[in-house]
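Working notes, structure below.
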Protein chains: 2
Amino acid sequence: MSRTIRDGAHIDVARSAARLFLEKGVAGTSGDEIAEAAGISKRTLWRYFRSKESCVEPLFARMSQNLAAKLQKWPLDMTVERFLEINYDMSKIDAQEIEDSKLVVHLIARLEEEPALLEPWFMSTRATEDLMADVIATRLELSHTDFEVRLCAATVAAAMRVIDETISRAAVKYGQVPTVAESNDRLAQAIRRAATLPFCDPVTPRGR
Amino acid sequence: MSRTIRDGAHIDVARSAARLFLEKGVAGTSGDEIAEAAGISKRTLWRYFRSKESCVEPLFARMSQNLAAKLQKWPLDMTVERFLEINYDMSKIDAQEIEDSKLVVHLIARLEEEPALLEPWFMSTRATEDLMADVIATRLELSHTDFEVRLCAATVAAAMRVIDETISRAAVKYGQVPTVAESNDRLAQAIRRAATLPFCDPVTPRGR
DNA sequence: CACAATAATGACACTAAGTGCCATTACCTG
DNA sequence: CAGGTAATGGCACTTAGTGTCATTATTGTG
């Protein structure tokens, strides 16, 4: 990103912030505490983040980027279902990433009690939307600024958000942890149904 | 709402805040200025709103509630297209409401330059989502907490948001003001395409 | 390697957002 | 009119967030 800021500096802070938020609530956590827990000065914290709540955004962003990285490799001649099925797991060998996922799931599960977390969560959904717009535009050979593409990206991102919220709540509050295959299946179904453009099916590069 | 707070006190503040935000930007407007412009004390302002940005929420909310009021009267045996066509305008005789709409359109058109306004805007979308969940649930005789209903409400609300953003930007930045009929048509189409459940078509109360 | 340029950080003072507390005022009820 | 409750205002206070500048780390260059 920038020239010399250590890669991962922001997400390290995000992890500290997330743990504090989960432990003591957003209102019960001060910026100073986050800075101290992350081992940076107060001043640097506010250079990294525009607000206390936004400190957790890098965690949400990582999930998006993760998905993005996968979707980059989605072959044009494959359905979403098949693609997600094949890609199920694979990359999730990193222990850090599993830990991050847990934090994210707990944060999402707490959205109702912690409305302050809604802002970063919605910002993340917005980022996912942009991401999906690129994916859709690429598959259908359209511009990512095209109205139809924006519309489709918005509905799909919204569907993904609902899936995330549903699964996270079920996991944290009712202990219903689905298998990765189940989650992916549910996600694929929701994406397909939410889509307003046919990007979920195989597409043919040149042909009309 | 509450026992003695004057009805419309909040939205009056919202109007003052919106005008100031549009004139001098969010960052360039202080809470004190908003309070002064609205003729209330600083202290009361912070009792009304949790943050500076959220001051404009009642304006967004009014648009949602407006739509909600209409949708309450959506007959079960009518399509969205027809319903919106029939309801096009009608209620918009109130001068105040036209003024409010203008403010909202300008606020939405400025979302890119004023990311601080994204939070209240997303909150409003969330409210619309809840609203649509009720409409969908009623039409399909389901619970508004049902996963399928939530999913559909989310995609539809997202579509409505994109329409609002598109139309507002086009109007403010390129002077392309569509007729009410055009807007409604576009809205109906987007809703229908975004929907994951068949609530846009006539539904039969008891049957099946 | 040394040195200059530039980017990142920290320290500290400062502004402004937002809260706690309590006295005062408006409103509703009997 | 009296008395209870809800809303407001004033003021002190906390904390989120910024401006400024000196210091330190990093990178590129001869």
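Because the structure is a prediction, the values reported are computed rather than measured. Residue numbers start from 1 in every chain, and the chains themselves are labelled A, B, ... in the order their sequence lines are given, proteins ahead of strands.
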Next on the checklist: Counting only side-chain heavy atoms from C-beta out, which of dT19(C), dC12(C), dA16(D) sits nearest to Arg43(A)?
Outcome noted: dC12(C)

Checklist entry - Is any side-chain nitrogen or oxygen of Tyr48(A) closer than 4.0 Å to OP1 or OP2 of dA8(C)? => result no

Checklist entry - Can you say whether the rings of His10(A) and Phe49(A) are parallel (under 30°), tilted (30 to 60°) or perpendicular (over 60°)? => result perpendicular

Checklist entry - Does Thr44(B) make a side-chain N or O approach to OP1 or OP2 of dT8(D) shorter than 4.0 Å? => result no

Checklist entry - Hey, does Ser54(A) reach any base, or is it just sugar-phosphate, or nothing, if we go heavy atoms under 4.0 Å? => result nothing

Checklist entry - Has the side chain of Arg47(A) got a donor or acceptor atom sitting under 3.5 Å from an opposite partner on the base of dG17(D)? => result no

Checklist entry - Given atom CD of Glu36(A) and atom P of dT9(C), what is their separation to the nearest angstrom? => result 18 Å

Next on the checklist: Whole angstroms only, please: what is the CD1-P distance between Ile40(A) and dG17(D)?
Outcome noted: 14 Å

Checklist entry - So which nucleotide from dG17(D), dA17(C), dA11(C) ends up closest to the side chain of Trp46(A)? => result dG17(D)

Checklist entry - Glu33(A) pairs by salt bridge (Lys or Arg N to Asp or Glu O under 4.0 Å) with which of Lys52(A), Lys42(A), Lys24(A)? => result Lys24(A)

Checklist entry - In whole Å, what is the span from the CZ atom of Arg6(A) to the C1' atom of dA7(C)? => result 16 Å

Next on the checklist: Taking the basic N atoms (NZ, or NE/NH1/NH2) and the acidic carboxylate oxygens, is any pair closer than 4.0 Å for Arg126(A) and Glu129(A)?
Outcome noted: no

Checklist entry - Considering only side-chain heavy atoms of Lys42(A), which listed nucleotide, dT9(C), dG17(D), dA7(D), is closest? => result dG17(D)

Checklist entry - Can you tell if the side chain of Glu182(A) reaches within under 4.5 Å of the side chain of Arg186(A), non-hydrogen atoms only? => result no

Item to check | Whole-Å distance separating the CG atom of Asp32(B) from the C1' atom of dT15(C) | outcome: 11 Å

